[in-house]
Amino acid sequence: FISDPTMQDTDSDKLSDYEEKTGWIITVNSKTFRVYSQPQYRDFDRDMLDDYQEKQYGVNPFSADTDSDNLTDKREIDGWDIVVNDVLMHVNSIPYNKYSDSDNLDDWEEFRTGRTDPRNSDTDSDNLLDSDEITIEHLSYGRTSIKYITYPNIADCDSDGVLDGNEYDWDKDSDFD
């Protein structure tokens with residue numbers, strides 16, 4: 001750790017050099033550990049969050065993607081827009097938890113679909129988990145195939161007045177065949 005002994009905060013990131021050298025505790029994907037930052041760098045991992053922000057959000061100042069979900073910490077905090085049931089919504093995910101809503105879609109997959117809220121396991125409130133409405137296949141060279149069983153951002157895909165989740169259940173129940 002390099003710091004200027006004549007300054008309390010060498011890199012002017014609102015964390016004292018002492019705080020950066022002694023570190024702080026974070027929990028990432030259910031594992032807890034201590035992280036440190038470099039007193040001479042405001043943003044060592046170049047994720048556009050200075051060390052003070054990294055501490056405030058509980059993310060790792062040495063990793064631009066703390067939870068290893070292929071979304072930068074900054075992207076997860078800032079979020080993105082999706083349309084749900086014809087309403088524009090701004091959503092974000094938790095930068096220290098790869099599965100922010102525990103629906104078996106990781107945050108990158110939710111971002112990639114552009115149709116789901118990573119903090120809501122049933123984005124469109126149709127009684128189906130988002131992961132039940134989508135199949136995702138990871139292909140070679142980082143490519144992804146996304147197929148929709150029903151649209152996870154539209155509660156009644158066929159506009160018949162019955163929520164997709166209720167129709168989905170009926171298809172499983174022989175009494176309704």
Side-chain angles (χ1 to χ4, degrees), residues 25-33 35 43-172:
I25 302 295
I26 65 171
T27 301
V28 179
N29 297 322
S30 302
K31 294 179 183 170
T32 301
F33 53 97
V35 295
D43 182 15
F44 184 80
D45 61 7
R46 299 181 181 174
D47 63 0
M48 298 173 44
L49 298 170
D50 65 34
D51 294 339
Y52 176 79
Q53 292 169 309
E54 302 250 15
K55 183 178 180 184
Q56 295 303 107
Y57 288 114
V59 295
N60 187 344
F62 283 101
S63 174
D65 179 15
T66 296
D67 58 8
S68 301
D69 63 2
N70 293 316
L71 289 174
T72 65
D73 296 338
K74 177 94 166 124
R75 167 55 82 185
E76 293 196 69
I77 291 164
D78 288 350
W80 57 92
D81 293 332
I82 64 173
V83 175
V84 177
N85 295 318
D86 296 323
V87 176
L88 181 66
M89 292 178 52
H90 187 77
V91 299
N92 66 353
S93 55
I94 301 169
Y96 50 83
N97 189 344
K98 186 173 184 170
Y99 296 90
S100 291
D101 63 5
S102 303
D103 66 359
N104 296 320
L105 295 174
D106 70 36
D107 295 341
W108 182 86
E109 292 168 335
E110 303 234 22
F111 172 77
R112 181 74 173 82
T113 69
R115 297 174 187 248
T116 59
D117 179 350
R119 289 184 163 215
N120 183 345
S121 59
D122 181 11
T123 297
D124 57 7
S125 301
D126 66 353
N127 301 321
L128 283 175
L129 292 177
D130 295 339
S131 57
D132 290 335
E133 299 188 70
I134 300 171
T135 59
I136 295 181
E137 182 181 358
H138 296 281
L139 307 171
S140 59
Y141 305 108
R143 295 176 304 142
T144 303
S145 170
I146 301 171
K147 295 179 182 157
Y148 297 95
I149 299 162
T150 62
Y151 292 107
N153 61 327
I154 302 171
D156 181 11
C157 287
D158 58 6
S159 302
D160 66 356
V162 179
L163 295 176
D164 294 337
N166 295 346
E167 290 184 282
Y168 185 78
D169 287 344
W170 288 346
D171 289 344
K172 285 183 174 180

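Only this structure's heavy atoms are used, side chains among them; waters, hydrogens and symmetry mates stay out.
Between the CD1 atom in Ile146 and the OG1 atom in Thr135 there is a gap of 9.0 Å [rounded to 0.5 Å]. Separation of atoms CG (Asp106) and CG (Asp67) is listed at 8.5 Å; rounding is to 0.5 Å. Asp160 CG to Cys157 SG: the interatomic distance, rounded to the nearest 0.5 Å, is 10.0 Å. With rounding to the nearest 0.5 Å, the separation of OG1 in Thr123 from CG in Asp101 is 7.0 Å. Separating the CG atom in Leu105 from the OG atom in Ser100 is a distance of 11.5 Å, to the nearest 0.5 Å. Atom OH of Tyr57 is separated from atom OH of Tyr52 by 10.0 Å, given to the nearest 0.5 angstrom.
The minimum heavy-atom distance linking Asp107 with Ile94 is given by the pair OD2-O, 3.6 Å. The heavy-atom pair separating Thr144 from Ile136 by the smallest distance is CG2-CG2, 3.5 Å. Of all the heavy atoms in Phe62 and Asp45, the pair that sits closest is C-CB, 3.7 Å. Among all heavy-atom pairs drawn from Ala155 and Asp124, the shortest one is CB-O, 3.3 Å. For Asp164 against Asp158, the heavy-atom pair with the smallest separation is OD1-N, 4.5 Å. Across Gly79 and Asn92, no two heavy atoms sit closer than the pair CA-CB, 3.7 Å.
No more than 12 heavy atoms of other residues, nucleotides or ligands lie within 6.0 Å of CZ in Arg46, so this atom counts as exposed by the packing criterion. Asp86 CG: 12 or fewer foreign heavy atoms inside a 6.0 Å radius.
Between Ile149 and Lys147, the closest side-chain pair of non-hydrogen atoms is not below 4.5 Å. Residues Phe44 and Pro61 form no side-chain contact, since every pair of their non-hydrogen atoms from C-beta on lies 4.5 Å or further apart. The shortest side-chain heavy-atom distance between Gln56 and Leu49 does not fall under the 4.5 Å cut-off. With contacts defined as side-chain heavy-atom distances shorter than 4.5 Å, the pair Asn29/Asn97 qualifies. Counting heavy atoms from C-beta outward, Tyr148 and Ile134 have side chains that approach closer than 4.5 Å. Asn60 has its side chain within reach of Val35: a pair of non-hydrogen atoms, C-beta onward, lies under 4.5 Å apart. Contact annotation: the side chain of Asp156 never approaches that of Asn85 to less than 4.5 Å [non-hydrogen atoms, C-beta and beyond]. Looking at heavy atoms from C-beta onward, Arg119 lies out of side-chain contact with Glu110 at the 4.5 angstrom threshold.
Without hydrogens or angle criteria, Thr27 side chain to Ser30 main chain gives no donor-acceptor distance under 3.5 Å. Checked by atom type and distance alone, the side chain of Asp43 pairs as donor or acceptor with a backbone atom of Asp47 at under 3.5 Å. Side chain of His138 to backbone of Ser145: no donor-acceptor contact under 3.5 angstrom is found.
Using a 30° and 60° split on the angle between ring planes, Trp80 and Phe111 fall in the perpendicular class, above 60°.
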Let's go through Phe33 and Ile26 carefully: what are the C-alpha distance in whole Å and the side-chain angles of both, what is the deciding distance for side chain to side chain contact (heavy atoms under 4.5 Å, CB included) to 0.1 Å, and is it a yes or a no?
CA-CA 6 Å; Phe33 53 97; Ile26 65 171; 3.9 Å; yes
Applying side-chain hydrogen bond (donor to acceptor under 3.5 Å, both in side chains), run through Asp73 and Thr66 and close with a yes or a no.
CA-CA 7 Å; Asp73 296 338; Thr66 296; 2.8 Å; yes
Show your working on side chain to side chain contact (heavy atoms under 4.5 Å, CB included) between Met48 and Arg75 and close with a plain yes or no.
CA-CA 10 Å; Met48 298 173 44; Arg75 167 55 82 185; over 6 Å; no
Under the side-chain hydrogen bond (donor to acceptor under 3.5 Å, both in side chains) rule, what do Ser93 and Glu76 come out as? Steps first, then yes or no, please.
CA-CA 5 Å; Ser93 55; Glu76 293 196 69; 2.7 Å; yes
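When each of Thr116, Ile154, Thr150, Thr113 is tested with Glu133 by the rule side chain to side chain contact (heavy atoms under 4.5 Å, CB included), just one qualifies, namely Thr150.
Looking at Asp65 and Thr72, their side chains never bring a donor and an acceptor atom within 3.5 Å of each other.
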